[in-house]
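Data block below; observations after.
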Amino acid sequence: MLDGMDREVAPVAEDGRRRIARTDVLLADPRLSEAAGRLGRGVVKAAVVAAQRRARAGEIPPGAVADSAVAALPETASGLRPVVNATGVLLHTNLGRAPLSAAAREAALAACGATDVELDLATGARARRGRSALAALLERVPAAEAAHVVNNGAAALVLAATALAGGREIIVSRGEMVEIGDGFRIPELLAATGARLREVGTTNRTAPADYAEAAGDGTGFVLKVHPSNFRMTGFTREAGVAELAGLAELRERGVPVVADIGSGLLAPEPLLPDEPDASTSLANGAGLVTASGDKLLGGPQCGIILGRADLVRRLARHPLARALRVDKLTLAALEATLRGPRTPTDEALHADVRTLRDRAERLAATLRQDGVDARAVDSDAAVGGGGAPGVVLPSAAVSLPEPYAARLRRGAPAVMGRVEDGRCLLDLRAVPAARDADIAAAVRAASAAAGEL
Ligand SMILES: *Cc1c(COP(=O)(O)O)cnc(C)c1O
(Lines give C-alpha, C1' and ligand atoms only; values in the text may rest on other atoms or scores of the structure.)
Protein backbone atom coordinates (compact mmCIF):
# COMPACT_ATOMS: atom_id res chain seq x y z
CA MET A 1 0.00 0.00 0.00
CA LEU A 2 1.38 3.34 -0.97
CA ASP A 3 0.66 5.78 1.80
CA GLY A 4 -0.46 9.22 0.64
CA MET A 5 1.32 11.09 3.41
CA ASP A 6 4.53 9.12 2.93
CA ARG A 7 5.14 10.66 -0.44
CA GLU A 8 5.48 14.10 1.11
CA VAL A 9 8.47 13.32 3.31
CA ALA A 10 12.04 13.77 2.22
CA PRO A 11 13.73 10.69 0.76
CA VAL A 12 15.89 8.82 3.27
CA ALA A 13 18.28 5.90 3.24
CA GLU A 14 16.59 2.69 2.07
CA ASP A 15 17.63 0.63 5.09
CA GLY A 16 16.39 3.28 7.57
CA ARG A 17 13.01 3.33 5.87
CA ARG A 18 12.69 -0.44 5.82
CA ARG A 19 13.10 -0.75 9.57
CA ILE A 20 10.27 1.69 10.28
CA ALA A 21 6.89 -0.05 10.34
CA ARG A 22 4.46 0.87 7.57
CA THR A 23 1.46 3.07 8.32
CA ASP A 24 -1.10 0.28 7.86
CA VAL A 25 0.87 -2.02 10.16
CA LEU A 26 1.08 0.70 12.82
CA LEU A 27 -2.63 1.49 12.52
CA ALA A 28 -3.33 -2.15 13.32
CA ASP A 29 -1.67 -1.71 16.75
CA PRO A 30 -4.58 -2.32 19.19
CA ARG A 31 -3.95 0.99 20.99
CA LEU A 32 -4.01 2.93 17.75
CA SER A 33 -6.97 1.10 16.22
CA GLU A 34 -8.94 1.71 19.43
CA ALA A 35 -7.99 5.39 19.22
CA ALA A 36 -9.05 5.50 15.56
CA GLY A 37 -12.51 4.31 16.63
CA ARG A 38 -12.67 7.07 19.22
CA LEU A 39 -10.89 9.99 17.52
CA GLY A 40 -11.24 9.19 13.83
CA ARG A 41 -8.73 7.57 11.50
CA GLY A 42 -7.35 10.85 10.19
CA VAL A 43 -6.34 12.12 13.63
CA VAL A 44 -4.56 8.85 14.51
CA LYS A 45 -2.91 8.59 11.11
CA ALA A 46 -1.49 12.08 11.51
CA ALA A 47 0.11 11.02 14.82
CA VAL A 48 1.52 7.88 13.19
CA VAL A 49 2.97 9.75 10.22
CA ALA A 50 4.54 12.32 12.55
CA ALA A 51 6.13 9.51 14.61
CA GLN A 52 7.47 7.84 11.43
CA ARG A 53 8.97 11.14 10.39
CA ARG A 54 10.70 11.52 13.78
CA ALA A 55 12.14 8.01 13.41
CA ARG A 56 13.45 8.81 9.93
CA ALA A 57 15.04 11.96 11.28
CA GLY A 58 16.77 9.84 13.90
CA GLU A 59 14.95 11.55 16.80
CA ILE A 60 13.49 8.25 18.06
CA PRO A 61 14.50 4.62 17.45
CA PRO A 62 12.56 2.85 14.66
CA GLY A 63 11.09 0.46 17.23
CA ALA A 64 9.55 3.32 19.21
CA VAL A 65 7.29 4.64 16.46
CA ALA A 66 4.07 3.06 17.76
CA ASP A 67 4.73 4.16 21.35
CA SER A 68 5.58 7.67 20.18
CA ALA A 69 2.38 7.88 18.12
CA VAL A 70 0.31 6.69 21.09
CA ALA A 71 1.95 9.26 23.36
CA ALA A 72 1.25 12.03 20.86
CA LEU A 73 -2.45 11.23 20.43
CA PRO A 74 -4.67 14.18 21.33
CA GLU A 75 -7.25 13.72 24.08
CA THR A 76 -10.11 14.56 21.76
CA ALA A 77 -10.78 14.78 18.05
CA SER A 78 -10.78 18.58 18.32
CA GLY A 79 -7.69 20.69 17.86
CA LEU A 80 -8.70 22.81 20.86
CA ARG A 81 -6.48 21.92 23.78
CA PRO A 82 -7.24 22.36 27.47
CA VAL A 83 -5.19 25.11 29.11
CA VAL A 84 -4.56 25.86 32.78
CA ASN A 85 -5.12 29.60 33.01
CA ALA A 86 -2.27 30.85 35.21
CA THR A 87 -2.21 34.30 33.60
CA GLY A 88 -3.92 36.01 36.52
CA VAL A 89 -6.57 37.30 34.09
CA LEU A 90 -9.84 35.70 35.19
CA LEU A 91 -11.69 36.17 31.91
CA HIS A 92 -8.96 35.75 29.31
CA THR A 93 -10.46 36.38 25.87
CA ASN A 94 -7.80 34.30 24.08
CA LEU A 95 -8.48 31.41 26.47
CA GLY A 96 -12.22 31.44 25.86
CA ARG A 97 -13.26 33.76 28.72
CA ALA A 98 -15.26 32.10 31.52
CA PRO A 99 -14.49 28.43 32.24
CA LEU A 100 -17.69 26.43 32.68
CA SER A 101 -18.63 25.05 36.07
CA ALA A 102 -18.83 21.29 36.56
CA ALA A 103 -22.63 21.68 36.72
CA ALA A 104 -22.66 23.47 33.36
CA ARG A 105 -20.39 20.89 31.73
CA GLU A 106 -22.55 18.04 32.93
CA ALA A 107 -25.73 19.76 31.76
CA ALA A 108 -24.22 20.40 28.32
CA LEU A 109 -23.06 16.80 28.09
CA ALA A 110 -26.52 15.53 29.03
CA ALA A 111 -28.09 17.73 26.34
CA CYS A 112 -25.71 16.49 23.64
CA GLY A 113 -28.00 13.87 22.18
CA ALA A 114 -31.67 14.25 21.38
CA THR A 115 -33.19 16.43 24.11
CA ASP A 116 -36.52 18.11 24.81
CA VAL A 117 -35.21 21.60 24.02
CA GLU A 118 -38.37 22.44 22.06
CA LEU A 119 -40.76 19.73 23.16
CA ASP A 120 -43.12 19.18 26.09
CA LEU A 121 -42.64 15.52 26.94
CA ALA A 122 -45.83 15.49 29.07
CA THR A 123 -48.11 16.43 26.17
CA GLY A 124 -45.95 15.58 23.20
CA ALA A 125 -46.57 19.07 21.84
CA ARG A 126 -44.00 21.60 20.73
CA ALA A 127 -42.83 23.89 23.54
CA ARG A 128 -40.96 27.18 23.77
CA ARG A 129 -37.29 26.68 23.03
CA GLY A 130 -35.07 27.10 26.07
CA ARG A 131 -37.98 27.78 28.42
CA SER A 132 -36.27 26.40 31.51
CA ALA A 133 -33.09 28.46 30.94
CA LEU A 134 -35.24 31.59 30.52
CA ALA A 135 -37.15 30.72 33.71
CA ALA A 136 -33.83 30.39 35.55
CA LEU A 137 -32.79 33.85 34.34
CA LEU A 138 -36.06 35.39 35.53
CA GLU A 139 -35.71 33.72 38.93
CA ARG A 140 -32.28 35.29 39.32
CA VAL A 141 -33.48 38.71 38.12
CA PRO A 142 -36.99 39.29 39.50
CA ALA A 143 -36.93 42.88 38.18
CA ALA A 144 -37.12 41.52 34.61
CA GLU A 145 -40.54 40.74 33.13
CA ALA A 146 -39.10 38.66 30.31
CA ALA A 147 -35.86 37.24 28.97
CA HIS A 148 -34.34 36.16 25.68
CA VAL A 149 -30.98 34.57 24.86
CA VAL A 150 -28.91 35.00 21.69
CA ASN A 151 -25.41 34.04 20.59
CA ASN A 152 -23.38 36.73 22.35
CA GLY A 153 -23.51 40.25 23.71
CA ALA A 154 -22.91 41.76 20.29
CA ALA A 155 -25.86 39.79 18.87
CA ALA A 156 -28.08 41.08 21.69
CA LEU A 157 -27.21 44.67 20.71
CA VAL A 158 -27.73 43.99 17.01
CA LEU A 159 -31.13 42.44 17.69
CA ALA A 160 -32.20 45.35 19.89
CA ALA A 161 -31.02 47.90 17.32
CA THR A 162 -32.73 46.09 14.45
CA ALA A 163 -36.01 45.35 16.19
CA LEU A 164 -36.42 48.65 18.08
CA ALA A 165 -34.57 51.19 15.93
CA GLY A 166 -34.39 49.84 12.36
CA GLY A 167 -34.46 52.90 10.08
CA ARG A 168 -34.69 55.11 13.16
CA GLU A 169 -32.27 56.72 15.59
CA ILE A 170 -30.35 55.43 18.56
CA ILE A 171 -29.25 58.22 20.88
CA VAL A 172 -25.83 57.51 22.36
CA SER A 173 -23.24 59.58 24.21
CA ARG A 174 -19.96 60.41 22.44
CA GLY A 175 -18.28 59.17 25.63
CA GLU A 176 -19.72 55.70 25.00
CA MET A 177 -18.74 55.21 21.35
CA VAL A 178 -16.31 52.54 22.42
CA GLU A 179 -14.21 49.79 20.94
CA ILE A 180 -14.64 46.72 23.11
CA GLY A 181 -11.67 44.81 21.73
CA ASP A 182 -10.29 43.04 18.67
CA GLY A 183 -11.61 45.82 16.42
CA PHE A 184 -15.16 45.40 17.68
CA ARG A 185 -16.62 48.90 17.76
CA ILE A 186 -20.08 49.45 19.15
CA PRO A 187 -20.96 52.36 16.81
CA GLU A 188 -19.95 50.40 13.69
CA LEU A 189 -21.93 47.39 14.85
CA LEU A 190 -25.03 49.49 15.43
CA ALA A 191 -24.67 51.34 12.12
CA ALA A 192 -24.49 47.97 10.35
CA THR A 193 -28.07 47.25 11.44
CA GLY A 194 -29.45 50.20 9.49
CA ALA A 195 -30.23 52.19 12.62
CA ARG A 196 -28.85 55.75 12.64
CA LEU A 197 -26.64 56.84 15.49
CA ARG A 198 -27.51 60.17 17.04
CA GLU A 199 -24.38 61.15 18.97
CA VAL A 200 -24.83 63.52 21.87
CA GLY A 201 -22.55 65.27 24.35
CA THR A 202 -18.77 65.24 24.20
CA THR A 203 -16.15 62.61 24.88
CA ASN A 204 -15.83 63.55 28.54
CA ARG A 205 -19.19 65.10 29.35
CA THR A 206 -22.76 64.22 28.46
CA ALA A 207 -25.71 65.54 30.48
CA PRO A 208 -29.32 64.31 30.59
CA ALA A 209 -30.35 67.49 28.74
CA ASP A 210 -28.24 66.41 25.75
CA TYR A 211 -30.37 63.29 25.41
CA ALA A 212 -33.59 65.22 25.99
CA GLU A 213 -32.78 67.67 23.18
CA ALA A 214 -32.02 64.89 20.74
CA ALA A 215 -35.21 62.93 21.40
CA GLY A 216 -37.80 63.08 18.63
CA ASP A 217 -40.32 61.10 16.67
CA GLY A 218 -37.54 59.20 14.92
CA THR A 219 -35.94 57.98 18.13
CA GLY A 220 -35.89 54.19 18.52
CA PHE A 221 -34.17 54.07 21.89
CA VAL A 222 -31.53 55.63 24.08
CA LEU A 223 -28.48 53.44 24.52
CA LYS A 224 -26.25 53.38 27.61
CA VAL A 225 -23.04 51.46 26.94
CA HIS A 226 -20.84 50.48 29.82
CA PRO A 227 -17.32 51.37 28.61
CA SER A 228 -16.10 48.11 30.12
CA ASN A 229 -12.43 48.26 29.29
CA PHE A 230 -11.39 51.80 30.10
CA ARG A 231 -12.06 54.46 32.66
CA MET A 232 -12.35 58.18 32.31
CA THR A 233 -11.32 60.43 35.15
CA GLY A 234 -11.14 64.19 35.67
CA PHE A 235 -13.69 66.66 34.29
CA THR A 236 -16.36 64.14 33.35
CA ARG A 237 -20.12 63.82 33.46
CA GLU A 238 -22.32 60.98 32.38
CA ALA A 239 -26.05 60.51 32.65
CA GLY A 240 -27.06 57.40 34.55
CA VAL A 241 -29.85 55.04 33.63
CA ALA A 242 -32.13 56.45 36.33
CA GLU A 243 -31.66 60.03 35.09
CA LEU A 244 -32.35 59.03 31.50
CA ALA A 245 -35.37 56.87 32.32
CA GLY A 246 -36.81 59.80 34.24
CA LEU A 247 -36.58 62.29 31.35
CA ALA A 248 -40.04 63.57 30.41
CA GLU A 249 -38.95 64.00 26.76
CA LEU A 250 -38.30 60.26 26.55
CA ARG A 251 -41.21 59.09 28.67
CA GLU A 252 -43.79 61.06 26.71
CA ARG A 253 -42.61 59.52 23.47
CA GLY A 254 -42.34 56.04 24.96
CA VAL A 255 -38.60 55.92 24.15
CA PRO A 256 -36.98 53.09 26.14
CA VAL A 257 -33.50 53.12 27.63
CA VAL A 258 -31.42 50.09 26.60
CA ALA A 259 -28.47 49.43 28.91
CA ASP A 260 -25.58 47.38 27.53
CA ILE A 261 -23.95 46.38 30.81
CA GLY A 262 -21.42 44.06 29.18
CA SER A 263 -20.20 41.81 31.96
CA GLY A 264 -23.42 40.01 32.86
CA LEU A 265 -23.54 40.69 36.59
CA LEU A 266 -27.13 39.93 37.55
CA ALA A 267 -26.96 41.70 40.92
CA PRO A 268 -24.45 44.13 42.49
CA GLU A 269 -21.01 42.67 43.25
CA PRO A 270 -19.45 44.42 46.28
CA LEU A 271 -15.93 43.63 45.05
CA LEU A 272 -16.63 45.47 41.79
CA PRO A 273 -18.57 48.57 42.80
CA ASP A 274 -18.21 50.23 39.36
CA GLU A 275 -19.59 47.31 37.38
CA PRO A 276 -23.25 47.80 36.43
CA ASP A 277 -25.64 44.90 37.02
CA ALA A 278 -28.91 43.83 35.44
CA SER A 279 -31.13 44.09 38.53
CA THR A 280 -30.05 47.63 39.39
CA SER A 281 -30.26 48.83 35.78
CA LEU A 282 -33.81 47.51 35.47
CA ALA A 283 -34.80 48.91 38.87
CA ASN A 284 -33.45 52.26 37.68
CA GLY A 285 -35.81 52.19 34.74
CA ALA A 286 -33.95 50.53 31.85
CA GLY A 287 -36.44 48.98 29.43
CA LEU A 288 -33.90 46.40 28.33
CA VAL A 289 -30.54 45.19 29.56
CA THR A 290 -28.08 43.36 27.30
CA ALA A 291 -25.04 41.42 28.54
CA SER A 292 -22.64 38.57 27.81
CA GLY A 293 -23.03 35.12 29.35
CA ASP A 294 -19.32 34.29 29.43
CA LYS A 295 -17.94 37.25 31.35
CA LEU A 296 -18.70 37.75 35.06
CA LEU A 297 -21.84 35.62 34.85
CA GLY A 298 -19.38 32.77 34.40
CA GLY A 299 -21.38 30.77 31.87
CA PRO A 300 -21.25 29.78 28.20
CA GLN A 301 -20.87 32.32 25.41
CA CYS A 302 -24.27 33.87 24.86
CA GLY A 303 -26.05 37.20 24.87
CA ILE A 304 -28.60 37.85 27.56
CA ILE A 305 -31.55 40.16 27.08
CA LEU A 306 -33.70 41.05 30.09
CA GLY A 307 -36.44 43.60 30.58
CA ARG A 308 -39.94 44.73 29.73
CA ALA A 309 -42.16 42.00 28.31
CA ASP A 310 -43.34 44.05 25.31
CA LEU A 311 -39.78 44.96 24.28
CA VAL A 312 -38.39 41.45 24.76
CA ARG A 313 -41.28 40.10 22.70
CA ARG A 314 -40.47 42.47 19.82
CA LEU A 315 -36.89 41.20 19.84
CA ALA A 316 -37.76 37.52 20.20
CA ARG A 317 -40.33 37.69 17.37
CA HIS A 318 -38.12 39.59 14.95
CA PRO A 319 -37.01 37.41 11.99
CA LEU A 320 -33.36 38.12 12.86
CA ALA A 321 -33.85 36.34 16.22
CA ARG A 322 -33.86 33.03 14.33
CA ALA A 323 -30.41 33.76 12.93
CA LEU A 324 -29.04 34.59 16.36
CA ARG A 325 -30.58 31.75 18.36
CA VAL A 326 -28.44 29.62 20.64
CA ASP A 327 -27.99 25.88 20.54
CA LYS A 328 -29.18 23.33 23.08
CA LEU A 329 -25.72 22.96 24.64
CA THR A 330 -25.58 26.67 25.40
CA LEU A 331 -29.08 26.67 26.88
CA ALA A 332 -28.24 23.69 29.07
CA ALA A 333 -24.95 25.18 30.27
CA LEU A 334 -26.52 28.59 30.89
CA GLU A 335 -29.33 27.15 33.01
CA ALA A 336 -26.92 25.03 35.05
CA THR A 337 -24.69 28.09 35.54
CA LEU A 338 -27.66 30.05 36.86
CA ARG A 339 -29.04 27.30 39.10
CA GLY A 340 -25.79 25.58 40.04
CA PRO A 341 -23.18 26.30 42.70
CA ARG A 342 -20.72 29.18 42.53
CA THR A 343 -19.03 29.40 39.13
CA PRO A 344 -15.25 29.04 38.75
CA THR A 345 -15.20 32.75 37.80
CA ASP A 346 -16.95 33.65 41.05
CA GLU A 347 -14.61 31.40 43.02
CA ALA A 348 -11.61 33.08 41.42
CA LEU A 349 -13.00 36.55 42.06
CA HIS A 350 -13.64 35.81 45.74
CA ALA A 351 -10.56 33.68 46.44
CA ASP A 352 -8.83 34.74 49.65
CA VAL A 353 -5.33 36.05 48.95
CA ARG A 354 -3.93 34.25 52.04
CA THR A 355 -5.14 30.93 50.64
CA LEU A 356 -3.57 31.79 47.29
CA ARG A 357 -0.27 32.60 49.04
CA ASP A 358 -0.35 29.29 50.93
CA ARG A 359 -0.91 27.42 47.69
CA ALA A 360 1.95 29.29 45.98
CA GLU A 361 4.29 28.60 48.93
CA ARG A 362 3.43 24.92 48.93
CA LEU A 363 3.83 24.55 45.18
CA ALA A 364 7.14 26.43 45.16
CA ALA A 365 8.49 24.35 48.08
CA THR A 366 7.59 21.07 46.32
CA LEU A 367 9.22 22.22 43.10
CA ARG A 368 12.37 23.40 44.90
CA GLN A 369 12.73 19.88 46.28
CA ASP A 370 12.88 18.75 42.65
CA GLY A 371 15.65 21.23 41.97
CA VAL A 372 13.48 23.83 40.24
CA ASP A 373 14.28 27.51 40.89
CA ALA A 374 10.74 28.26 42.12
CA ARG A 375 9.58 30.86 44.61
CA ALA A 376 6.24 32.18 45.79
CA VAL A 377 5.65 35.85 45.03
CA ASP A 378 2.84 38.38 45.35
CA SER A 379 1.04 39.10 42.11
CA ASP A 380 -1.66 41.35 40.69
CA ALA A 381 -4.60 39.62 39.02
CA ALA A 382 -7.34 41.27 36.97
CA VAL A 383 -10.90 40.51 35.90
CA GLY A 384 -10.17 40.84 32.17
CA GLY A 385 -12.54 40.09 29.30
CA GLY A 386 -12.92 43.85 29.03
CA GLY A 387 -14.37 44.13 32.53
CA ALA A 388 -13.60 46.08 35.67
CA PRO A 389 -10.63 48.08 34.32
CA GLY A 390 -8.37 49.40 37.03
CA VAL A 391 -9.48 46.79 39.55
CA VAL A 392 -6.45 44.97 40.96
CA LEU A 393 -7.16 41.62 42.58
CA PRO A 394 -4.33 40.82 45.00
CA SER A 395 -2.98 37.39 44.17
CA ALA A 396 -0.03 35.02 44.53
CA ALA A 397 2.10 33.31 41.94
CA VAL A 398 4.85 30.74 41.56
CA SER A 399 7.82 32.49 39.95
CA LEU A 400 10.03 30.40 37.64
CA PRO A 401 12.90 31.16 35.25
CA GLU A 402 11.51 32.74 32.09
CA PRO A 403 12.20 29.81 29.68
CA TYR A 404 9.51 27.84 31.51
CA ALA A 405 6.83 30.06 29.98
CA ALA A 406 7.21 28.63 26.47
CA ARG A 407 7.79 25.05 27.66
CA LEU A 408 4.72 25.06 29.90
CA ARG A 409 2.62 26.46 27.08
CA ARG A 410 3.54 23.49 24.89
CA GLY A 411 2.96 20.87 27.61
CA ALA A 412 -0.08 18.68 28.19
CA PRO A 413 -2.05 20.15 29.77
CA ALA A 414 -0.77 23.46 28.49
CA VAL A 415 -0.11 25.89 31.33
CA MET A 416 -0.31 29.55 30.38
CA GLY A 417 1.48 31.93 32.72
CA ARG A 418 2.74 35.45 32.11
CA VAL A 419 6.25 36.83 31.79
CA GLU A 420 7.15 39.71 34.07
CA ASP A 421 10.61 41.16 34.73
CA GLY A 422 12.34 38.18 33.17
CA ARG A 423 10.46 35.58 35.23
CA CYS A 424 7.61 33.26 34.34
CA LEU A 425 4.77 33.86 36.81
CA LEU A 426 2.08 31.26 37.36
CA ASP A 427 -0.70 33.26 39.02
CA LEU A 428 -3.02 31.02 41.02
CA ARG A 429 -6.13 33.22 41.28
CA ALA A 430 -7.81 31.80 38.18
CA VAL A 431 -6.53 28.27 38.82
CA PRO A 432 -8.85 25.94 40.77
CA ALA A 433 -6.95 24.51 43.77
CA ALA A 434 -7.58 21.02 42.41
CA ARG A 435 -5.24 21.83 39.51
CA ASP A 436 -2.17 22.63 41.63
CA ALA A 437 -0.96 19.04 41.26
CA ASP A 438 -1.26 19.35 37.47
CA ILE A 439 0.84 22.52 37.57
CA ALA A 440 3.52 20.78 39.65
CA ALA A 441 3.57 17.85 37.21
CA ALA A 442 3.76 20.18 34.22
CA VAL A 443 6.68 22.14 35.72
CA ARG A 444 8.52 18.90 36.55
CA ALA A 445 7.99 17.63 33.00
CA ALA A 446 9.26 20.94 31.58
CA SER A 447 12.26 20.87 33.88
CA ALA A 448 13.08 17.24 33.01
CA ALA A 449 12.78 17.92 29.28
CA ALA A 450 15.06 20.92 29.48
CA GLY A 451 17.71 19.46 31.75
CA GLU A 452 18.20 22.48 33.88
CA LEU A 453 16.42 25.73 33.17
C1 LIG B 1 -18.12 42.39 25.98
C2 LIG B 1 -19.06 43.49 25.65
C3 LIG B 1 -19.85 43.43 24.50
C4 LIG B 1 -19.76 42.30 23.52
O5 LIG B 1 -20.25 41.11 24.07
P6 LIG B 1 -19.81 39.71 23.41
O7 LIG B 1 -20.49 38.70 24.25
O8 LIG B 1 -18.34 39.66 23.44
O9 LIG B 1 -20.33 39.73 22.00
C10 LIG B 1 -20.72 44.47 24.25
N11 LIG B 1 -20.80 45.52 25.11
C12 LIG B 1 -20.07 45.60 26.23
C13 LIG B 1 -20.23 46.77 27.12
C14 LIG B 1 -19.16 44.58 26.54
O15 LIG B 1 -18.42 44.67 27.65
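Note that these values count all heavy atoms, side chains included, but never hydrogens, waters or copies made by symmetry. Each ligand, and each atom within it, is numbered from 1 in the order the structure gives.
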Applying side chain to side chain contact (heavy atoms under 4.5 Å, CB included), name anything that partners Asp120, two or more places apart in sequence or on another chain.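 So Asp120 forms a side chain to side chain contact (heavy atoms under 4.5 Å, CB included) with Ala122, Thr123, Ala127.
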If we only count N/O pairs under 3.5 Å, is [X] in contact with ligand 1?
| X | result |
| --- | --- |
| Ser263 | no |
| Ala154 | yes |
| Arg97 | yes |
| Gly262 | no |

Closest protein heavy atom (residue, atom, distance) for [atom]:
| atom | answer |
| --- | --- |
| atom 15 (O) of ligand 1 | Ser228 OG, 2.5 Å |
| atom 2 (C) of ligand 1 | Lys295 NZ, 2.4 Å |
| atom 10 (C) of ligand 1 | Asp260 OD2, 3.4 Å |
| atom 5 (O) of ligand 1 | Ser292 OG, 3.0 Å |
| atom 4 (C) of ligand 1 | Phe184 CE2, 3.5 Å |

Please could you name the atoms of ligand 1 that Gly153 approaches to less than 4.0 Å, counting only its heavy atoms? 5 (O), 6 (P), 7 (O), 9 (O)
Atoms of ligand 1 close to His226 [distance to a heavy atom under 4.0 angstrom, numbered from 1]: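 Those atoms are 13 (C).
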With Asp380 via salt bridge (charged side-chain N to carboxylate O under 4.0 Å, His left out) - residues at least two apart: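 Asp380 satisfies salt bridge (charged side-chain N to carboxylate O under 4.0 Å, His left out) with no other residue.
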Check Arg81 against Arg410 and note the closest heavy-atom contact, atom names and distance. NH2-O, 3.8 Å
What's the spacing between Arg185 CZ and Met177 CE if we round to 0.5 Å? 10.5 Å
Mind checking the CG-CG spacing from Leu296 to Leu265? Nearest 0.5 Å is all I need.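 The distance works out to 4.5 Å.
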Please confirm whether the backbone N or O of Ala351 pairs with a side-chain atom of Arg429, one donor and one acceptor, at under 3.5 Å?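 Yes, because the side chain of Arg429 sits within donor-acceptor range (under 3.5 Å) of the backbone of Ala351.
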Using modelled atom types only, decide if a donor and an acceptor are shared between the side chain of Thr366 and the backbone of Arg362 within a distance under 3.5 Å.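 Yes; at least one donor-acceptor contact below 3.5 Å.
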Considering residues, nucleotides and ligands other than Arg251, do more than 12 of their heavy atoms fall under 6.0 Å from its CZ?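 For Arg251, atom CZ is not crowded (no more than 12 foreign heavy atoms under 6.0 Å).
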